[in-house]
Enquirer: 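There's a structure below that I have some questions on.
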Amino acid sequence: MPNRLHDRLNDGPLIVAEGYVFELERSCLLQAGAFVPTTVLEHPQAVRHLTDRFIDSGSDVVLALTYYTNADKLRRFGMEGRLEEINRAALQIAIDAAADATARHARPYLVAGNICNTYEFEDYRDVDRYRRDVLPDIERQVAWAREAGVDFVVGETYYCLDEARLHLAVIKDAGLPAVITLSARGDTTPEGVSYEEACHILWEEGADVVGLNCTRGPATMLPILDRIRKKIPPHGHVAALPVPYRTDEKEPIFLRLGRGQAFPTGLDAHLCARDTMADFARRAYEMGIRYIGACCGAGPHHVRAMAEALGRDTPASRYSPDMSKHGALGRTPDDAIRAAWEGGTILGSMEDLSPGEIARAYDQVAPRYEALVRQAGYVLPQAMAGHFRIAAGALGLSAGESVIDAGCGNGLSGIALRDMGFTQVYGLDVSPGLIAQIPPGLYRPFDEEGVIEASLTDLPHCYWGQFDHVFSAGTIGHTATLDLEGLVKLGRKGGLVAFSVRENRLARYEEAMGALRSCGIWTPVERFRVEDTHKATSPHIVLIERVTDDPVARFGEVERFFYRLPSAH
């Protein structure tokens, strides 16, 4: 049997839209709690409409809505005996939608059957009983998918590795390609196996694609995906389908957002912006992942953003946002009506934004950035540079040693450092728009690449430990991530790290700084306050630290105190 899944993955990334259940629940056509897609039988036209929207938004795969249509879920919902009816109906909707889309867009689409975890496996904890009582119905689901002519079967949201292995065997015995994804609720599977090792086991047992879906948002899924991608051989394929919710190091899975009170009907406040999902797609692709999508909570707008981030022009792209057509925001940057809409202050908290979104936000404000900071009475770079020069001199450090201006923006801090006599200053910023405004020759080129374009929250390894001193004015504390991690990695033993944090943001860094100091990696040198008129209610607190041991070599000892790192999850 030809493996169209492999062929398509080898040609490039596949965009995969999931999230049907949540989207239908938001449409008031499906019951939260049970999450059984009775809509397939009660409102098939709504399922077809949503399927078409996902296709037009860029999904390469048409997934049959047979998720949670296993016998156990139907029995719990009072639909016992309707297993075949609901499975066959969902499969037919997917087959018809894919055929019509192929004719409409003159390109082929893959169709996938769908099975998933059962709570019976966790309830029974008895594999023999599970094989006897549950697996036969799973086998029937897969058989109906094969009869319908699907290209492959997705087995997903497995908490237990052992159940995933049993379902994988069913799919392979049916002669179908298999995508098997685990739901990472904890640090390991219940069997005590790391997710990278669990995926490797599934890959060795015949899964065509392995990876993660559901449970974790982009920020807390990416570190595990990175480990999985490194564990699976290069010719193997990895799946990445997060929920579009803002999980973090304190609440890494969406089931616990809002201290466990948000799931499932209070999640709206935690929903990711579409740009966050686009940034996830780019980062996953850069890791070498080719099966990329979104799970519970995703809407067509998320799917379109992810597809466009990977270079696709989707049928729905004709409706992509174009703010140049907006009555106020489409005006020139100096227009009074536009200025009234945007407000006249520097960009503030960016807690909801990914590194890519932050870059785009600063790119948009770049033409007005210098005027805005001067209007705000922004004296921080000069004040910090003066204290930094005194501290370096007191410790016998030379102004000729290398300094990285981390978060250099359009060069205001670079100018302040130059005025204080520092001659080997390099720049790093996430915004190409701001970098383009830096005065020529202000910063030294790093390895002939000029000013470094990178994010402190996702700092490439090639910059770790490359600079004698680190200077960062007005950068740390804008985002929800512990961007301080990047400053730690940039510096060398013996140098200084100087950075500012708004006073109302400082507490989030205390634990990480305490760990650095208690481990003997940093030693405090100076701490002082800088007021400005922009936010007088929350002045800058500037900290200067001496790097007393190799921060890169010893970072593993403190990494759990930083956001996005494996041991924090």
Enquirer: Output yes when a side-chain donor or acceptor of Ser317 lies under 3.5 Å from a complementary backbone atom of Ser320, and no otherwise.
Expert: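 Pair absent, no side-chain N/O of Ser317 close to backbone of Ser320.
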Enquirer: Below 30° counts as parallel, above 60° as perpendicular, anything between as tilted: where do the rings of Phe254 and Phe263 land?
Expert: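 If you compare the ring of Phe254 with that of Phe263, the planes turn out perpendicular.
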Enquirer: Determine the interplanar angle of the Phe388 and His469 rings, folded into 0 to 90°, and report it as parallel if under 30°, tilted if 30 to 60°, perpendicular if over 60°.
Expert: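 Rings of Phe388 and His469: perpendicular, over 60°.
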Enquirer: side-chain contact (heavy atoms from CB on, under 4.5 Å) between Lys250 and Arg256: does it pass, once the steps are laid out?
Expert: CA-CA 9 Å; Lys250 291 184 178 178; Arg256 299 175 191 154; over 6 Å; no
Enquirer: Please find the pair of heavy atoms, one from Tyr443 and one from Cys408, that lie closest to each other, and give the distance.
Expert: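 Smallest interatomic distance, heavy atoms only, reads OH-CB, 3.3 Å.
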Enquirer: Once side-chain hydrogen bond (donor to acceptor under 3.5 Å, both in side chains) is applied, do any residues pair with Glu156, and if so which ones, sequence neighbours excluded?
Expert: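 If we apply the side-chain hydrogen bond (donor to acceptor under 3.5 Å, both in side chains) test to Glu156, skipping adjacent residues, the hits are Asn114, Asn213.
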Enquirer: Tell me the salt bridge (charged side-chain N to carboxylate O under 4.0 Å, His left out) pairs involving residues 539-553, sequence neighbours left out?
Expert: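 Only Arg517-Glu545, Asp549-Arg554 qualify under salt bridge (charged side-chain N to carboxylate O under 4.0 Å, His left out).
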Enquirer: With side-chain contact (heavy atoms from CB on, under 4.5 Å) as the test, would you mind laying out the steps for Leu428 and Leu456 before giving the verdict?
Expert: CA-CA 9 Å; Leu428 178 153; Leu456 289 172; 4.2 Å; yes
Enquirer: Under the side-chain contact (heavy atoms from CB on, under 4.5 Å) rule, collect the residues that match up with Tyr463, sequence neighbours excluded.
Expert: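 Tyr463: side-chain contact (heavy atoms from CB on, under 4.5 Å) contacts with Phe446, Glu449, Ile452, Ala454, Leu459, Pro460, Leu490.
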Enquirer: Using 0.5 Å steps for rounding, measure from the OG1 atom of Thr475 to the CG atom of Asp405.
Expert: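 If we round to the nearest 0.5 Å, Thr475:OG1 and Asp405:CG are 7.5 Å apart.
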Enquirer: Does His235 have any side-chain contact (heavy atoms from CB on, under 4.5 Å) partners at least two apart in sequence or in another chain, and if so, which?
Expert: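 In terms of side-chain contact (heavy atoms from CB on, under 4.5 Å), with neighbours along the sequence ignored, His235 is linked to Trp203, Pro233.
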Enquirer: Quick check for you: to the nearest 0.5 Å, what is the distance between Thr220 atom OG1 and Leu225 atom CG?
Expert: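 Atom-to-atom, Thr220:OG1 and Leu225:CG are 10.0 Å apart.
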Enquirer: Could you tell me which non-hydrogen atom of Pro242 sits nearest to which non-hydrogen atom of Met277, and how far apart they are?
Expert: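 Taking Pro242 first and Met277 second, the nearest heavy atoms are CG-CE, 3.9 Å.
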Enquirer: With side chains defined as the heavy atoms from C-beta onward, is the minimum distance between Arg502 and His540 less than 4.5 Å?
Expert: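 With C-beta onward as the side chain, the pair touches.
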Enquirer: Strictly distance-based, threshold 3.5 Å: is any side-chain N or O of Arg529 a donor or acceptor partner for the main-chain N or O of Pro539?
Expert: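 Here the side-chain-to-backbone pair does not exist.
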Enquirer: For Phe528, does the CZ atom sit with more than 12 other heavy atoms under 6.0 Å from it, leaving out its own atoms?
Expert: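 Count over threshold, so yes.
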Enquirer: For the side chain of His387 and the backbone of Met384, is there at least one donor-acceptor N/O pair under 3.5 Å apart?
Expert: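 Checked: no pair found.
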Enquirer: Under the salt bridge (charged side-chain N to carboxylate O under 4.0 Å, His left out) test against Glu196, which residue among Lys230, Arg227, Arg229 passes?
Expert: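 With Glu196 as partner, Lys230, Arg227, Arg229 yield a single salt bridge (charged side-chain N to carboxylate O under 4.0 Å, His left out), made by Arg227.
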Enquirer: What distance do Tyr245 atom OH and Cys295 atom SG have between them, rounded to the nearest 0.5 Å?
Expert: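 Rounded to the nearest 0.5 Å, the OH-SG separation comes out at 10.0 Å.
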Enquirer: How far apart are the closest heavy atoms of Leu271 and Gly297, and which atoms are they?
Expert: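 Of all heavy-atom pairs spanning Leu271 and Gly297, the closest is CD1-O, 4.0 Å.
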Enquirer: Is there side-chain contact between Lys231 and Ser194, with heavy atoms separated by less than 4.5 Å?
Expert: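 Contact flag for Lys231/Ser194 side chains = no.
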Enquirer: Checking the side chain of Ser472 only, and the main-chain atoms of Phe499 only, is there a donor and an acceptor separated by less than 3.5 Å?
Expert: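 No; judged by distance alone, with no hydrogens or angles, the pair does not exist.
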Enquirer: Are any side-chain N or O atoms of Thr215 and backbone N or O atoms of Ser183, one a donor and one an acceptor, separated by less than 3.5 Å?
Expert: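 Not confirmed, Thr215 side chain does not pair with Ser183 backbone.
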Enquirer: Are side-chain heavy atoms of Tyr291 and Leu241 found at a separation under 4.5 Å?
Expert: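 Yes. Closest side-chain heavy atoms under 4.5 Å.
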Enquirer: Ignoring hydrogens and angles, state whether a donor on the side chain of Thr457 or Asp483 is under 3.5 Å from an acceptor on the partner side chain.
Expert: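 The answer is no; no qualifying pair exists.
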Enquirer: Using a 3.5 Å distance criterion without hydrogens, assess whether the side chain of Glu251 forms a donor-acceptor pair with backbone atoms of Arg259.
Expert: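 Flag set: sc Glu251 to bb Arg259 pair under 3.5 Å.
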Enquirer: Could you give me the CA-CA distance, side-chain angles and deciding distance for Arg492 and Ser402, then say whether side-chain contact (heavy atoms from CB on, under 4.5 Å) is met?
Expert: CA-CA 10 Å; Arg492 292 177 180 158; Ser402 63; 4.2 Å; yes
Enquirer: Would you find a donor on one side and an acceptor on the other, under 3.5 Å apart, between the side chain of Asp60 and the backbone of Ile15?
Expert: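 Such a contact is found between Asp60 side chain and Ile15 backbone.
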Enquirer: Which heavy atom of Cys272 sits nearest a heavy atom of Pro218, and at what distance?
Expert: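 So the two residues come closest at SG-CD, 4.0 Å.
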Enquirer: Can any side-chain N or O of Ser57 pair as donor or acceptor with the backbone N or O of Phe54 at less than 3.5 Å?
Expert: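 Not confirmed, Ser57 side chain does not pair with Phe54 backbone.
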Enquirer: Taking Tyr195 for its side chain and Ile228 for its backbone only, find out whether a donor-acceptor pair lies under 3.5 Å.
Expert: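 Here the side-chain-to-backbone pair does not exist.
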Enquirer: Compare all side-chain heavy atoms of Leu543 with those of Leu506 and state whether any distance is below 4.5 angstrom.
Expert: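 Counting from C-beta outward, Leu543 and Leu506 do come under 4.5 Å.
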Enquirer: Would you say Ile404 and Gln466 make side-chain contact, with heavy atoms under 4.5 Å?
Expert: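 They are not in side-chain contact.
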Enquirer: Do you know the tightest heavy-atom contact between Leu212 and Ala184?
Expert: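 That would be CD2-CB, 4.3 Å.
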Enquirer: Would you compute the distance between atom CE of Met306 and atom OG1 of Thr276 and round it to the nearest 0.5 angstrom?
Expert: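 Atom-to-atom, Met306:CE and Thr276:OG1 are 11.0 Å apart.
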Enquirer: Sequence neighbours left out, what passes side-chain contact (heavy atoms from CB on, under 4.5 Å) with Arg360? Give chain and number order.
Expert: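 Arg360: side-chain contact (heavy atoms from CB on, under 4.5 Å) contacts with Asp275, Arg282, Glu357.
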Enquirer: To the nearest 0.5 Å, tell me how far Met513 CE sits from Trp522 CH2.
Expert: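 Met513 CE to Trp522 CH2: 7.5 Å, rounded to 0.5 Å.
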Enquirer: Is Thr548 reaching over with its side chain to a backbone N or O of Gly520, donor-acceptor style, under 3.5 angstrom?
Expert: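 Checking the backbone N and O of Gly520 against the side chain of Thr548, a donor-acceptor pair under 3.5 Å is found.
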Enquirer: With sequence neighbours left out, write down each residue that passes side-chain contact (heavy atoms from CB on, under 4.5 Å) with Glu23, or none if nothing qualifies.
Expert: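 Applying side-chain contact (heavy atoms from CB on, under 4.5 Å) to Glu23 gives Arg26, Leu50, Pro300.
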Enquirer: Please assess Val547 against Val470 for the test side-chain contact (heavy atoms from CB on, under 4.5 Å), listing each intermediate value before the final yes or no.
Expert: CA-CA 10 Å; Val547 184; Val470 183; over 6 Å; no
Enquirer: Could you report the tightest heavy-atom contact between Val542 and Ser500, atom names first, then the distance?
Expert: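 Between these two residues, the closest heavy atoms are CG2-CB, 4.0 Å.
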Enquirer: Got more than 12 heavy atoms from elsewhere within 6.0 Å of CD, Glu511?
Expert: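 Counting neighbours around CD of Glu511, 12 or fewer heavy atoms of other residues, nucleotides or ligands fall under 6.0 Å, so no.
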Enquirer: Any heavy-atom pair between the side chains of Cys199 and Leu182 that's under 4.5 Å?
Expert: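 Yes - at least one pair of side-chain heavy atoms lies under 4.5 Å apart.
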Enquirer: State the CG-CZ distance between Asp248 and Arg216, to the nearest 0.5 angstrom.
Expert: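 Rounded to the nearest 0.5 Å, the CG-CZ separation comes out at 11.0 Å.
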